[in-house]
Amino acid sequence: MKKVINLLLREGLEHQSKPPQPKRFRIRTHRLRLRPGFDPEKLNELSDELESEAFLEKQLRHRR
């Protein structure tokens, strides 16, 4: 009985010490399919402008 318990304990502890295998991280890419005339490098500028406008509108609403 003692041998069986020791064996099970060793197997259990050995199993715990091994880290689980992490899932592989994948990024799925997509084509932008922009219309002709759109510059994808300028999209960040547009995002900044829209964010600035939203911030200013919020500030104006709080002042009223």
Side-chain angles (χ1 to χ4, degrees):
M1 182 78 155
K2 184 177 177 181
K3 286 181 181 182
V4 173
I5 292 173
N6 283 332
L7 178 65
L8 291 174
L9 285 173
R10 283 191 186 108
E11 286 179 6
L13 291 173
E14 185 179 307
H15 180 69
Q16 282 183 337
S17 64
K18 293 180 183 177
Q21 291 290 333
K23 287 187 176 181
R24 186 174 176 169
F25 181 75
R26 287 190 162 175
I27 297 176
R28 294 182 182 169
T29 59
H30 301 280
R31 290 184 147 187
L32 288 177
R33 298 182 183 169
L34 295 175
R35 294 181 180 172
F38 280 97
D39 184 4
E41 294 182 12
K42 300 246 180 191
L43 290 177
N44 284 338
E45 290 178 22
L46 176 61
S47 174
D48 291 341
E49 288 177 21
L50 292 172
E51 186 177 345
S52 297
E53 288 176 10
F55 176 78
L56 291 174
E57 286 179 17
K58 186 177 179 182
Q59 292 298 316
L60 287 174
R61 276 189 250 134
H62 284 323
R63 289 183 181 176
R64 291 180 184 174

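Numbers here are sequence positions counted from 1. All values below come from the heavy atoms of this structure, side chains included, with hydrogens, waters and symmetry mates left out. Bear in mind the structure is a predicted one, so any value in this text is a computation, not a measurement.
Applying the side-chain contact (heavy atoms from CB on, under 4.5 Å) rule to Ile5 yields the partners Met1, Leu9; only residues at least two apart in sequence or on another chain are considered. When the side-chain contact (heavy atoms from CB on, under 4.5 Å) test is applied to Asn44, no partner is found at least two apart in sequence or on another chain.
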Side chains of residues 46-60: which donor-acceptor pairs under 3.5 Å do they make with residues two or more places apart or in other chains?
from  : atom 1 : to    : atom 2 : distance (Å)
Ser52 : OG     : Asp48 : O      : 3.0

